[in-house]
Amino acid sequence: MIPSIHKRGSDTVGLIRYLYGPGTKEEHTNPHLVAAFDPLTPDPGRDPSATYQQLQHLLDQPVNALPKGRRPAKHVWHISVRASPEDPILSDENWATIARRTVAATGIAPDGDEAACRWAAVRHADDHIHIIATLVRDDGRRPRLHNEARRAQAEARRIEADYRLRQVAPGDGTAAKRPTSAARHKAERLGQEAASQELLREHVRRALAGASDETEFFDRLAAEGVRIDKRLAPSGDVLGYKVAIVGDRNKAQEPIWYAGSTLAPDLSLPRIRKRFTAAADLEREAAAFYSSGVSAPARARYAAADATDTARAAFAFGDERTAAAHLVGVGEVLDAIAQTTIGPSRTELREAAWYFERATRSHIRAKDQEMYALRRAARQIVHSGTALGRGPDGTATALILDVVILAVIAAARWHAARGHAQQTEAAQQAAGHLRAAYQAAAAEPLAALRTHGERLHAPTRQRHTNTVRAALPHLADRLQTEPGWDSLVMVLDQAEQAGYDTTALLSKAAAQRDLTSADSASDVLVWRLHHLGFITPPPRRPRPNPSPAPGASPVTGAVPRQEATRPRRRL
């Protein structure tokens, strides 16, 4: 049950015409009154003799009774109450009760108040009602409407419980404002995939991911094709900004602007500036990974996996302000991955980033300096270029997604422990899309590993089987029955050829997370081994007799060494 309070107005009969009319897209059916302040209120939907003007005159009577100088300029109050799509269709009697509870909870018409405001509830669809009220009581006083939106939400939660409807997560005042139905309908007419403010929020988030300062932020925002209007002080300093979608204009053919703080509470310029760190630090970090022989997009994702793993631990063991900072940082990493990944996982990544954005905001104040490592990682990803959905880049993307999924699940648990219902639900939704993105990204590299693993000689496969039994005796039987077993064997073979102690490496990988709840423990170990092989130099020791080289590694794209005397390479 979702109550939405709309902007106050001054045209009572105009709103009545809309509520009883066909709707902007002929979506209104059988409009009629379900409840009102007076049982004898005329219903233009069911009574042929009743008119819109009669209903308007009745509602406006207390307003018109005041001297003109005392009449409120915006005297029309309007709220819609909508059921969730999965809820059953409620009867008119049900909606009448819901309307009375809503006006009582908000202060429009408290129970037992004979001089309350006048109101009427109109139903023109199966799933919602509209309540119109005038903001002058019968005794000439104004209603007390302090925090009426919050009180409407609280009453909606009670209504859901009483009628056994879907329990909507209660809000905490940190959510971005939802677009109006008019904005959504306009987006459809313009052929946009979402309302302008939702598109702009996504553009701003993408431009912000890893940006080192506001100059880069505005440059990247302009590159997204967004109109920008900066508010300048006499000194020339930027005080704020607003943005608009090209082609989105009002009736006067002027761009429709949205301030950053209107898009989301954390997208105001002062809040954005808190994220910026010294550009020199970011550039120095960026220079380090460009010098590597591994492709820049792949190496950036490996580096981001480290920072994201640190964030995952912070959600479990860090203080609240550190965890709040890591939420923002993980959100930027996810935005960076979504905008730089090409392949079948891209759509799911964008959806995941869209949902997780809600999970990054709470009333807990973040320690801004704690998000710097993640912001550096996001910057590396953005500046490293586009990652293809195959080969080493695809492998690196699958690896970072495996880590990000765990971080997002940990974030959901962190929010749940603090009663942040909307953020918990958003993180869970993001995790679902991330799993789908991971499956798309991991399919090719895992298949390549599996193929090479199947081709290993029997003695080699047996040696790696013995390693698994020695390192993980409680999981060995399960791992051998999983589809990813051959992929795990292949990664162990690569690690052995690179000079690693595979038993120790496998034990370390298994200790990094609980494997009993994993859908595929072998897949988890593949990415953990691969990650450990990337960040941990192998010991300089004689290598055991390797199996014949299977050719170019499907994980790194490199050909395994054949001489034990050559420098050890990373897995």
Side-chain angles (χ1 to χ4, degrees), residues 192-194 198-199 201-211 216 219-226 286 289-290 292-305 307-308 330-357 374-405 407-408 430-449 487 523 526-527 530-531 534 552-558:
Q192 297 174 178
E193 59 181 342
E198 292 177 315
L199 295 177
R201 187 162 63 243
E202 188 172 5
H203 283 307
V204 172
R205 282 203 337 264
R206 284 202 297 254
L208 182 57
E216 181 182 359
D219 287 345
R220 287 169 59 181
L221 192 53
E224 292 264 339
V226 172
F289 77 83
Y290 284 135
S292 170
V294 180
S295 73
R299 186 169 177 84
R301 281 157 171 73
Y302 291 132
T308 307
V330 170
E332 289 204 26
V333 168
L334 188 47
D335 280 325
I337 297 170
Q339 64 182 290
T340 58
T341 298
I342 291 179
S345 61
R346 182 164 188 166
T347 300
E348 294 291 348
L349 284 172
R350 286 188 63 184
E351 288 292 314
W354 189 88
Y355 277 106
F356 193 72
E357 182 263 347
L374 285 160
R375 296 205 73 245
R376 283 194 294 267
R379 179 177 177 80
Q380 290 173 359
I381 291 172
V382 170
H383 284 263
S384 67
T386 301
L388 301 177
R390 60 182 184 276
D393 289 358
T395 298
T397 297
L399 186 148
I400 181 62
L401 291 182
D402 178 67
V403 177
V404 171
I405 288 170
V408 169
H433 287 287
L434 282 169
R435 288 189 183 96
Y438 162 78
Q439 291 169 358
E444 182 177 317
L446 286 176
L449 281 170
S487 303
D523 288 354
V526 164
W527 303 125
H530 186 46
H531 187 211
F534 185 83
S553 165
V555 176
T556 64

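Computation of the quantities below employed the complete heavy-atom set of this structure, encompassing side-chain atoms and omitting hydrogens, waters and symmetry-equivalent molecules. Predicted model only: the values in this text are computed from it and were never measured.
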K.L.:
To check you understand the geometry: which heavy-atom pair defines the closest contact between Val382 and Ala336, and what is its length?
P.N.:
CG2-CB, 3.7 Å
K.L.:
Do Glu198 and Arg201 come within less than 4.5 Å of each other through their side chains, counting heavy atoms only?
P.N.:
yes
K.L.:
Could you grab the distance from atom CD1 of Ile337 to atom CG of Leu349, nearest 0.5 Å is fine?
P.N.:
7.0 Å
K.L.:
Provide the closest heavy-atom pair for Ala430 versus Val408 in the form atom of the first, atom of the second, distance.
P.N.:
CB-CG1, 4.2 Å
K.L.:
Starting at CH2 of Trp354, measure out to CG of Asp335 and round the result to the nearest 0.5 Å.
P.N.:
13.0 Å
K.L.:
Among Arg375, Glu216, Arg220, exactly one meets side-chain contact (heavy atoms from CB on, under 4.5 Å) together with Leu208. Which residue is that?
P.N.:
Arg375
K.L.:
Are Val526 and Asp402 packed together at the side-chain level, in the sense that at least one heavy-atom pair is separated by less than 4.5 angstrom?
P.N.:
no
K.L.:
Is any side-chain heavy atom of Val403 less than 4.5 Å from a side-chain heavy atom of Tyr302?
P.N.:
no
K.L.:
Please report the shortest heavy-atom distance between Ala378 and Ala209, naming the atom on each side.
P.N.:
CB-C, 4.3 Å
K.L.:
Within this structure, what is the CG-CG distance for the pair Leu434 and Leu334, rounded to the nearest 0.5 Å?
P.N.:
5.5 Å
K.L.:
Could you tell me whether the side chains of Arg301 and Thr340 share a donor-acceptor contact shorter than 3.5 Å?
P.N.:
yes
K.L.:
Compare all side-chain heavy atoms of Glu332 with those of Leu374 and state whether any distance is below 4.5 angstrom.
P.N.:
no
K.L.:
Can you tell me how far apart NE2 (His203) and CD (Gln339) are? Round to the nearest 0.5 Å.
P.N.:
11.0 Å
K.L.:
Are the side chain of Thr395 and the backbone N or O of Pro445 linked by a donor-acceptor pair below 3.5 Å?
P.N.:
no
K.L.:
Can you tell me how far the CG atom of Leu199 sits from the CD atom of Glu224, to the nearest 0.5 Å?
P.N.:
11.0 Å
K.L.:
Just so I know, are the side chains of Glu348 and Tyr438 near enough to count as touching, which here means a heavy-atom distance under 4.5 Å?
P.N.:
no
K.L.:
For the residue pair His433 and Tyr355, categorise the inter-ring angle as parallel (less than 30°), tilted (30 to 60°) or perpendicular (more than 60°).
P.N.:
parallel
K.L.:
Quick check: closest heavy atoms across Ser384 and Ala300, and the distance to 0.1 Å?
P.N.:
OG-CB, 3.8 Å
K.L.:
Within this structure, what is the CD-CD distance for the pair Glu193 and Glu202, rounded to the nearest 0.5 Å?
P.N.:
6.5 Å
K.L.:
Check Pro297 against Gly385 and note the closest heavy-atom contact, atom names and distance.
P.N.:
CG-O, 4.0 Å
K.L.:
Do you know which two heavy atoms are closest between Ala305 and Leu399, and how far apart they sit?
P.N.:
CB-CD2, 3.7 Å
